[in-house]
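Before any comments, here is the structure.
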Amino acid sequence: MARFETTRWSLILATREQTPDASAALDALCRAYRPAVLSFLRARCRNRDLAEDLTQGFFTRFLEYRYHEIADPARGRFRVFLGTALRNFLVNHGDHDHAAKRGGGSVAVEFEGESLHADSRESPERTFDLYWALTVLDGAMAALETEAAASGKA
């Protein structure tokens, strides 16, 4: 059985290409990390609406500054890079009153089936790692189900 990587650098590198698939890869990357980012922020601020605003703001910054192009596989895991970027985002965030303006007229996207609850006993870093692990496991299970269905063993 093939080893399931926690970070698919091929996906991250695909976001940097000048192809139609780059947009889909970037969408997949943001969707994969959104639950972990949201749970981290919910653990930090304990306010769901503010956490949603901060999540939107973080991904706006992520796309604006093209963090996926800065990440380097030689320097470590993408998950660690993203966690550091998220902590820096919070440090630089400053006044929470500008949360509504950060979207710049953008529409917030809701994800189906998303119900994240931060555990007040866990650190935000631990919560981020936990939700990332759950996202990886969900992806692995989906891949296994697809593989089983394709081989007629569903």
Side-chain angles (χ1 to χ4, degrees), residues 1-90 103 106-154:
M1 183 165 107
R3 183 172 161 231
F4 189 82
E5 298 293 329
T6 58
T7 301
R8 292 179 8 216
W9 279 103
S10 60
L11 177 66
I12 297 163
L13 296 176
T15 66
R16 301 174 184 178
E17 298 173 2
Q18 298 299 326
T19 66
D21 292 337
S23 179
L26 188 55
D27 179 64
L29 184 65
C30 290
R31 284 180 185 271
Y33 278 95
R34 188 179 191 285
V37 169
L38 179 59
S39 66
F40 177 90
L41 293 170
R42 290 215 39 217
R44 281 284 167 115
C45 65
R46 308 271 187 248
N47 178 314
R48 182 171 177 80
D49 292 334
L50 180 56
E52 289 286 347
D53 286 344
L54 290 171
T55 299
Q56 285 294 121
F58 174 74
F59 280 105
T60 297
R61 167 97 25 115
F62 178 90
L63 296 171
E64 182 180 343
Y65 289 96
R66 305 187 60 78
Y67 288 169
H68 55 284
E69 291 183 358
I70 299 169
D72 181 4
R75 296 184 68 195
R77 295 181 174 143
F78 183 74
R79 177 173 47 95
V80 174
F81 169 82
L82 196 69
T84 301
L86 184 54
R87 283 187 291 282
N88 289 338
F89 170 77
L90 285 177
S106 301
V107 176
V109 177
E110 290 294 325
F111 289 86
E112 310 93 35
E114 188 176 272
S115 61
L116 300 176
H117 304 286
D119 185 343
S120 61
R121 296 170 297 194
E122 295 289 346
S123 71
E125 290 80 8
R126 173 103 170 95
T127 303
F128 178 87
D129 288 343
L130 173 66
Y131 276 95
W132 171 243
L134 291 172
T135 300
V136 170
L137 287 173
D138 285 345
M141 290 302 294
L144 287 172
E145 287 174 3
T146 301
E147 184 180 317
S151 65
K153 297 178 181 176

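Keep in mind that what you see is a predicted model, and the values were worked out from it rather than measured.
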With sequence neighbours left out, write down each residue that passes side-chain contact (heavy atoms from CB on, under 4.5 Å) with [X], or none if nothing qualifies.
X     : result
Asp21 : Thr19
Leu63 : Leu26, Cys30
Ala51 : Leu38, Leu41, Arg42, Cys45
Ala71 : Trp9, Arg16, Phe78, Phe81

Which heavy atom of Ala14 sits nearest a heavy atom of Ala25, and at what distance? CB-CB, 3.9 Å

Where do Phe89 and Arg61 come nearest, in terms of heavy atoms and distance? CD1-NH1, 4.3 Å

In Å, rounded to the nearest 0.5 Å, how long is the span from [atom1] of [X] to [atom2] of [Y]?
X     : Y     : atom1 : atom2 : result
Thr55 : Arg48 : OG1   : CZ    : 9.5 Å
Asp72 : Ile12 : CG    : CD1   : 10.5 Å
Leu13 : Thr15 : CG    : OG1   : 7.5 Å
Phe62 : Leu86 : CZ    : CG    : 11.5 Å
Glu17 : Ser23 : CD    : OG    : 12.5 Å

Going by the rule salt bridge (charged side-chain N to carboxylate O under 4.0 Å, His left out), which residues pair with Arg66 if we only count those two or more places apart in sequence or in a different chain? Glu69

Using side-chain heavy atoms (C-beta onward) and a distance below 4.5 Å, is Phe58 in contact with Leu82? yes

Please, which pairs that meet salt bridge (Lys or Arg N to Asp or Glu O under 4.0 Å) have at least one residue in residues 144-153, sequence neighbours excluded? none

